[in-house]
Colleague: 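Handing you a structure now.
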Amino acid sequence: MHSLPKLPTACCRKFFVSFRKIARVAMRLPDGWPPRTLGTLRRQVLAWFDANQRSLPWRENRDPYRVWLSEVMLQQTTVAAVVPYFQRFLKTFPTLRDLAAADEQEVLKLWEGLGYYRRARHLHAAAKRIIADHGGKFPADATAVADLPGVGRYILGAVLSQAFEQKFPIVEANSLRVLARLFGYRNDPREGEGRVWVWEAATAVLPEKRIGDFNQAVMELGALVCTPTSPKCPSCPWAKSCIANRDSLQTLIPPPKKPPVIVACREIAVVIRHREKVLVCRRSPDAKRWANLWEFPHADWPAEELFEDAVGRIAEELTGVAVSPGRELLTIQHGVTRFAITMTAAEAQRQSGQFRSPFYSEGRWVSPGELKDYPTSTPQRKLFLEVSRPQQRLF
DNA sequence: AATTCGGGGAA
DNA sequence: TTCCCAGAATT
């Protein structure tokens, strides 16, 4: 029912928030909110920002190139980590033209240690495009900015509001937390409908003037006062209007991230490369030992699809379950290539009794901490992998 | 909607 | 150790 307006794709490629939808946010406010007018809230946070903002190198002026560079560097990166990089980068490439004229390797070298290196490539490519398409002047047009590589919804709003005082919202980790708490939004603003809500909220609170400062103020508030844990509500300019503060829900808003799903995982086979030979082993069906399945010269390494197919058959033979969507075959690199199949905890429990081998340690499930040699965990999903001893000398 | 991309600091 | 960070692009 509540959704962002359809993008006017004819005139812009990426996302814009309609400012006509401000009323929608008010519709979702708790009864009696806000106790103060939005205008008061805006003035309060701007005054707080004027008095409490950190002195940061990219706040010296509002040059679009500097704003843009800082926002790209700050993406998923802490302020403390960015400061020295920002200064070094700006010293090497004082202007957008200097950056565009540079060699990509030089740019990447300066970026070394910051991580997310695709940002640097996008930055460099975007600089070149600005030279080619916009005469070397950073575009003030939202459509043009949104079309630059590496510019998403956040950076679009950040640059346009800070460098050009255009009325665009921003949502990142800080402002998301601040807005959710201020409005007392109970759902998860990071996913589904909540994602829509938080951008509408960020739009609704925007002032008419000092838009760039306001956006920064909300972020700064989240960074210094409205922190994830133990927020300093007594020194918050919005304390008296904040629903989360009123109801003592600071730790529940936004809701803690759902813990990753734990997927049981059983090792099926290993591939060992040694010298010029390749050996594929699997656990024997009786699980008493490791069986050599294939041995062949390295040059005869099977094609990838044949290989996966073969391992899939081994998995089915050993576990009695076929590899299918939702039940994947995993590849784990650990000196040798190991294969494992996912299964539910119940299935794994059922099979564990009849599945022993000299290389299978104690036949128990291990804690994640014991799996450090197995780089199998992802942010969204963790695997419990059955432990097996390293292979004995097989060659 | 889920994953990937990184490295550092804080909890 | 895990979590988190001024997100964007890809699948």
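Throughout, a chain's letter reflects where its sequence line sits, starting with A, and its residues are numbered from 1. Only heavy atoms go into these numbers, but all of them, side chains included; no hydrogens, no water, no symmetry mates.
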Colleague: Please enumerate all protein N or O atoms sitting under 3.5 Å from an N or O of nucleotides 5-8 of chain B, with distances to 0.1 Å.
Modeller:
from, atom 1, to, atom 2, distance (Å)
dC5(B), N3, Tyr116(A), OH, 3.1
dC5(B), N4, Tyr116(A), OH, 3.4
dG6(B), OP1, Tyr116(A), N, 3.4
dG6(B), OP1, Tyr117(A), N, 2.7
dG6(B), O4', Tyr116(A), N, 3.2
dG6(B), N7, Tyr116(A), OH, 3.4
dG6(B), O6, Tyr116(A), OH, 2.7
dG6(B), N1, Gln76(A), O, 2.8
dG6(B), N2, Gln76(A), O, 3.3
dG6(B), N2, Thr77(A), OG1, 3.0
dG6(B), N2, Leu114(A), O, 3.1
dG7(B), OP1, Tyr117(A), OH, 3.4

Colleague: Between Lys257(A) and Ile155(A), which is nearer to the 5' end of DNA chain C once each is assigned its nearest nucleotide?
Modeller: Lys257(A)

Colleague: State whether a side-chain donor-acceptor pair under 3.5 Å links Gln216(A) with Arg59(A).
Modeller: yes

Colleague: Would you say Arg59(A) reaches dA6(C)'s phosphate, i.e. side-chain N/O to OP1/OP2 under 4.0 Å?
Modeller: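 Answer is no, no contact under 4.0 Å.
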
Colleague: Do the side chains of Glu208(A) and Lys167(A) get close enough for a salt bridge, i.e. N-O under 4.0 angstrom?
Modeller: yes

Colleague: Rounded to the nearest Å, what distance is computed from the CG atom of residue Leu176(A) to the C1' atom of nucleotide dC5(C)?
Modeller: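 Going from Leu176(A) (CG) to dC5(C) (C1'), I get 13 Å.
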
Colleague: For His122(A) and for Trp58(A), locate the closest nucleotide of DNA chain C by heavy-atom distance; then report the residue assigned to the nucleotide nearer the 5' terminus.
Modeller: Trp58(A)

Colleague: Which whole-number value in Å describes the distance from Leu123(A) CG to dG7(C) C1'?
Modeller: 14 Å

Colleague: Without decimals, in angstroms, what is the distance between Met73(A) CE and dG7(C) P?
Modeller: 15 Å

Colleague: How many Å lie between CD1 on Ile170(A) and P on dA8(C), as a whole number?
Modeller: 11 Å

Colleague: With sequence neighbours excluded, what pairs up with Tyr85(A) under the ring-ring contact (aromatic ring centres under 6.0 Å, His included) test?
Modeller: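 Here no residue qualifies.
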
Colleague: Any salt bridge (charged side-chain N to carboxylate O under 4.0 Å, His left out) pairs touching residues 126-136 of chain A, not counting sequence neighbours?
Modeller: none

Colleague: Suppose we screen for side chain to side chain contact (heavy atoms under 4.5 Å, CB included). Which residues come up paired with Lys109(A), at least two apart in sequence or across chains?
Modeller: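 Testing Lys109(A) for side chain to side chain contact (heavy atoms under 4.5 Å, CB included), a comparison that skips the adjacent residues, returns Glu112(A).
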
Colleague: Quick one: salt bridge (charged side-chain N to carboxylate O under 4.0 Å, His left out) partners of Arg118(A), sequence neighbours excluded?
Modeller: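 Scan of Arg118(A) (salt bridge (charged side-chain N to carboxylate O under 4.0 Å, His left out), adjacent residues dropped) gives none.
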
Colleague: What's the NZ-C1' distance between Lys258(A) and dA1(B), to the nearest Å?
Modeller: 11 Å

Colleague: Does Leu249(A) sit in a hydrophobic cluster with other residues, and if so which ones, taking ILVMFWY side chains as linked at heavy-atom separations under 4.5 Å, directly or through other members?
Modeller: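 In the cluster with Leu249(A) are Leu252(A), Ile253(A).
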
Colleague: To the nearest angstrom, how far is Arg190(A) atom CZ from dC5(C) atom C1'?
Modeller: 13 Å

Colleague: Scan Arg121(A) against the nucleic acid and name what it touches under 4.0 Å (heavy atoms): base, sugar-phosphate only, or nothing.
Modeller: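 If one applies the 4.0 Å heavy-atom cut-off, Arg121(A) turns out to touch nothing in the nucleic acid.
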
Colleague: If I take atom CD in residue Glu220(A) and atom C1' in nucleotide dA6(C), what distance separates them, rounded to the nearest angstrom?
Modeller: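 Atom CD in Glu220(A) sits about 10 Å away from atom C1' in dA6(C).
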
Colleague: dC5(B) and dC4(C): how far apart are their C1' atoms, nearest whole angstrom?
Modeller: 15 Å

Colleague: C1' atom, dA2(B) versus dA6(C): distance in rounded Å?
Modeller: 23 Å

Colleague: Expressed as a whole number of angstroms, how long is the span from His124(A):NE2 to dA8(C):C1'?
Modeller: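 Distance, rounded to whole Å: 19 Å.
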
Colleague: Sticking with atom P, work out how far dA8(C) lies from dG8(B), rounded to a whole angstrom.
Modeller: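 Their P atoms lie roughly 23 Å apart.
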
